[in-house]
> 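My questions will all concern the structure given below.
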Amino acid sequence: MRSVKEKLYMNVFISKNAELFHKAIEDIWISEQIWKVTPNNAVWHCTQAVEKILKGYLKCTGKNYEHGHELIALLEDVEVYTTLTPDTVRYIHFLNRYSTGLRYKHMTSDPTADDAKLAIERAKCILSEFNNLATVKEHIQEAKEVHKKALGKLND
């Protein structure tokens, strides 16, 4: 019998602590598939990935977080407990401008394919930095393995 701390995803079990990281990895993967065709959606998925990475960190470290979508507020919550590189902080600020602007059309123009490609690169860098944090590394690794297994099942 599986633990209540796990859930079944595409016939693969994943721990609750890895779940948000897995969803972040999926968002980045989706962005990589669609960035040329629909850059707007690709960038939005990148902002979603970063939101899930930040919330995943807070969850794994036992910290409370709001269920809002404001990346800067989440970043401030994370920075109380760990120090991130200046590049990661800058990348989160870069992606934050898209987090609500895309959904609610507060932006003067939609992102281009180049913007989407840059957003993907930055989301991957943010995930990579969190993967280097001992408190969440094992959960991100588990999420990557589940993603790989799930993709294999899609190709069966």
Side-chain angles (χ1 to χ4, degrees), residues 7-60 63 65-79 84-133 136-137 139-156:
K7 130 178 200 180
L8 189 61
Y9 174 80
M10 291 188 71
N11 294 323
V12 179
F13 283 96
I14 185 166
S15 71
K16 294 286 186 178
N17 280 344
E19 192 174 9
L20 281 168
F21 294 117
H22 178 257
K23 290 178 181 185
I25 290 166
E26 282 184 324
D27 278 325
I28 293 170
W29 181 82
I30 290 166
S31 295
E32 291 175 317
Q33 308 310 304
I34 66 172
W35 69 273
K36 289 181 184 175
V37 178
T38 176
N40 189 332
N41 286 329
V43 170
W44 184 78
H45 277 284
C46 288
T47 67
Q48 291 297 293
V50 172
E51 179 183 334
K52 291 165 189 158
I53 292 165
L54 296 170
K55 287 179 176 179
Y57 172 83
L58 291 167
K59 179 180 180 180
C60 287
K63 312 305 183 227
Y65 60 86
E66 294 295 319
H67 291 280
H69 305 289
E70 177 61 41
L71 297 183
I72 301 308
L74 287 166
L75 172 62
E76 289 169 356
D77 290 346
V78 166
E79 287 186 305
L84 300 172
T85 66
D87 281 344
T88 294
V89 171
R90 190 166 43 89
Y91 295 164
I92 292 169
H93 279 269
F94 168 82
L95 288 167
N96 184 64
R97 67 188 175 129
Y98 295 117
S99 65
T100 57
L102 289 171
R103 274 292 183 239
Y104 303 108
K105 294 296 180 191
H106 297 229
M107 299 180 65
T108 56
S109 64
D110 284 340
T112 65
D114 287 340
D115 294 330
K117 191 173 181 184
L118 183 59
I120 293 166
E121 290 170 11
R122 290 185 172 179
K124 286 173 141 182
C125 287
I126 293 164
L127 179 63
S128 179
E129 175 160 350
F130 277 84
N131 191 46
N132 290 327
L133 299 175
V136 294
K137 184 177 184 117
H139 305 298
I140 294 174
Q141 291 306 313
E142 177 187 355
K144 287 179 178 181
E145 287 301 313
V146 168
H147 180 69
K148 192 183 299 184
K149 288 177 185 175
L151 285 178
K153 291 187 181 294
L154 287 176
N155 295 325
D156 288 347

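Throughout, residue positions are numbered sequentially from 1 according to the sequence presented.
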> Between the side chain of Lys59 and the main-chain N/O of Lys16, is any donor-acceptor distance below 3.5 Å?
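Yes.
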> Measuring only between side-chain heavy atoms, which start at C-beta, is Val50 closer than 4.5 Å to Arg122?
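The answer is no; the side chains never approach within 4.5 Å.
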> Return the minimal non-hydrogen interatomic distance between Ala123 and Ile53, and the atom names on each side.
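Heavy atoms of Ala123 and Ile53 come nearest at O-CD1, 4.4 Å.
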> Which atom pairs, donor and acceptor, lie under 3.5 Å between side-chain atoms of residues 113-121 and protein residues at least two apart or in another chain?
from	atom 1	to	atom 2	distance (Å)
Asp115	OD2	Thr112	N	2.9
Asp115	OD2	Thr112	OG1	3.2

> Who pairs with His45 by side chain to side chain donor-acceptor pair (under 3.5 Å), at least two apart in sequence or on another chain?
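For His45, the residues satisfying side chain to side chain donor-acceptor pair (under 3.5 Å) (neighbours in sequence not counted) are Asp27.
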> Please report the closest heavy-atom contact between Trp35 and Ala42, naming both atoms and the distance.
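Where Trp35 meets Ala42 most closely, the heavy atoms are CA-CB, 3.6 Å.
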> How long is the span from the CG atom in Leu127 to the NZ atom in Lys144, to the nearest 0.5 Å?
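Going from CG on Leu127 over to NZ on Lys144, the span is 5.5 Å.
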> Distance check, rounded to the nearest 0.5 Å: Leu58 atom CG versus Leu74 atom CG?
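Rounded to the nearest 0.5 Å, the CG-CG separation comes out at 6.5 Å.
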> Are Asn96 and Leu75 packed together at the side-chain level, in the sense that at least one heavy-atom pair is separated by less than 4.5 angstrom?
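No, every pair of side-chain atoms sits at 4.5 Å or beyond.
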> State the OH-CD1 distance between Tyr57 and Ile126, to the nearest 0.5 angstrom.
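If I round to the nearest 0.5 Å, the distance is 15.0 Å.
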> Any non-hydrogen side-chain atom of Asp77 less than 4.5 Å from a side-chain atom of Lys63?
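SC-SC contact between Asp77 and Lys63 ruled out.
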> Measure the CG-CD distance between Asn131 and Glu129 for me, rounded to the nearest 0.5 Å.
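Spacing of CG (Asn131) from CD (Glu129) equals 10.5 Å.
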> Using every non-hydrogen atom in the two residues, find where Thr47 and Leu71 come nearest and quote the distance to one decimal.
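What the structure gives for the nearest pair is O-CD2, 3.9 Å.
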> More than 12 foreign heavy atoms under 6.0 Å from NZ of Lys137: is that the case here?
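Atom NZ in Lys137 is packed in, count exceeds 12.
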> What is the minimum heavy-atom distance between Gly56 and Phe21, and which atoms define it?
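Heavy-atom minimum between the residues: C-CZ, 3.4 Å.
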> Does Val78 reach the side chain of Phe130, with side-chain heavy atoms less than 4.5 Å apart?
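Yes, at least one pair of side-chain atoms sits under 4.5 Å.
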> With rounding to the nearest 0.5 Å, note down the distance linking OG1 in Thr38 to CD1 in Ile30.
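Taking OG1 in Thr38 and CD1 in Ile30, the distance rounds to 12.0 Å.
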> Quick check: do Tyr98 and Cys46 have side-chain heavy atoms less than 4.5 Å from each other?
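Not in contact.
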> Can we say Glu145 and Lys148 salt-bridge, meaning some charged N sits less than 4.0 Å from an Asp/Glu carboxylate O?
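Answer for the salt bridge query: yes.
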> Would you call Lys55 and Glu51 a side-chain contact if the rule is heavy atoms closer than 4.5 Å?
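Touching, per the 4.5 Å side-chain cut-off.
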> Nearest heavy-atom pair of Ser15 and His139: which atoms, and what distance?
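Taking Ser15 first and His139 second, the nearest heavy atoms are OG-ND1, 4.3 Å.
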> When rounded to the nearest 0.5 angstrom, what distance separates CD1 in Ile14 from NE2 in His147?
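Nearest 0.5 Å value for the CD1-NE2 distance: 11.0 Å.
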